[in-house]
Amino acid sequence: LKRDHIARAHRPATQVYFSAAMSSEITTTSYIWYIEDNDADLTATVLIDSTGEAAGVVVYNETKVYFTDSSGSIWSIENDGLDSKEIFSYDEYDMEGSPQGLDVWKWAETLYWADTDMSAVYSVRLNGEDFTTVTNEISEPFDVSLQPHEGRLYVSDLATNAVKRVDTNGSALHDFL
């Protein structure tokens with residue numbers, strides 16, 4: 001079991017979601033797990049499993065989780081695991097790549113994600129509209145973290161082992177750490 005990304009719900013703080021992949025000689029199956037940690041008992045539930053590689057995961061609210069997969073899609077899923085919906089697909093834009101870590105700006109209803117293969121950070125509205133390249137000037141972006149009050153993204157760059165900072169409109173890119 002290889003854990004890729006982890007997200008913690010803010011309310012209630014006992015909810016933890018993470019993506020993980022299990023490989024065999026035949027296939028790799030990816031999972032989005034939901035864990036309820038109430039100090040007395042630890043219960044893990046698989047929300048979704050797929051043959052694509054689930055990567056980034058972010059909690060939107062108490063009932064919705066967004067995640068990326070290696071096929072170039074971004075999905076939303078209700079936390080009961082019964083209602084999943086593809087909200088964005090690279091195929092629609094004739095793109096190849098592998099979306100990784102993502103974050104959500106709730107007020108702006110916008111998702112931001114890093115794509116290591118495409119050397120870019122992208123955004124799209126939660127309804128799947130207004131797809132935008134935020135920046136394509138980071139060598140190997142892996143994960144993003146949003147500071148909504150500042151309108152900034154912090155992006156990990158695997159190529160330089162650095163954290164970059166960029167405004168959500170793509171301006172003011174520079175090394176942060």
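Panel note: side chain Arg125, backbone Ala108; a donor-acceptor pair is recorded below 3.5 Å. Judged by distance alone, the side chain of Ser119 and the main-chain N or O of Asn136 form no donor-acceptor pair under 3.5 Å. A donor-acceptor contact shorter than 3.5 Å is absent between the side chain of Asp167 and the backbone of Asn169. In this structure, the side chain of Asp115 does not engage the main chain of Gly97 through any donor-acceptor pair within 3.5 Å. A donor-acceptor pair is defined here as one N or O able to donate and one able to accept, closer than 3.5 Å; such a pair exists between the side chain of Thr132 and the backbone of Asp130. Under a 3.5 Å cut-off, the side chain of Thr116 and the backbone N or O of Pro141 do form a donor-acceptor pair.
Between Leu153 and Val134, the closest side-chain pair of non-hydrogen atoms falls below 4.5 Å. Residues Leu173 and Lys164 have side chains in contact (heavy-atom distance under 4.5 Å, counting atoms from C-beta outward).
Both Leu126 and Tyr93 are members of a single hydrophobic cluster when ILVMFWY side chains are connected at heavy-atom separations under 4.5 Å. Clustering ILVMFWY residues whenever any of their side-chain heavy atoms sit less than 4.5 angstrom apart, transitively, puts Val166 in the very cluster that holds Trp105. Residues Ile74 and Val104 are members of one and the same hydrophobic cluster, defined by side-chain heavy-atom contacts under 4.5 angstrom among Ile, Leu, Val, Met, Phe, Trp and Tyr. Under a hydrophobic-cluster definition in which Ile, Leu, Val, Met, Phe, Trp and Tyr are linked whenever side-chain heavy atoms come within less than 4.5 Å, directly or via other members, Val155 and Met118 are assigned to different clusters. The hydrophobic cluster containing Tyr112 also contains Trp107, counting ILVMFWY residues as joined when their side-chain heavy atoms lie under 4.5 angstrom apart, directly or transitively.
Put simply, CZ on Arg165 and CD on Glu150 are 7.0 Å apart, with the number rounded to the nearest 0.5 Å. Separation of atoms CG (Asp103) and OH (Tyr154) is listed at 12.5 Å; rounding is to 0.5 Å. Atom CD in Glu140 sits 9.5 Å away from atom CG in Asn161 (nearest 0.5 Å).
In this structure, the ring of Trp113 has its center less than 6.0 angstrom from the ring center of Phe88.
Aromatic ring orientation, Phe131 versus Tyr122: tilted (interplanar angle from 30° to 60°).
Considering all non-hydrogen atoms of both residues, Asp143 and Leu102 come closest at OD1-N, 3.7 Å.
A donor-acceptor contact under 3.5 angstrom links the side chains of Asp157 and Thr160, judged on distance only. For the residue pair Ser98/Gln100, the side-chain donor-acceptor check at 3.5 Å is satisfied.
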Next on the checklist: Checking Val121 against Val144 for the side chain to side chain contact (heavy atoms under 4.5 Å, CB included) test, could you report, in this order, the C-alpha distance in whole Å, the side-chain angles of both residues, the deciding distance, and whether it holds?
Outcome noted: CA-CA 8 Å; Val121 175; Val144 297; 4.2 Å; yes
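For NE2 of His174, the number of neighbouring non-hydrogen atoms (other residues, nucleotides, ligands) closer than 6.0 Å is greater than 12.
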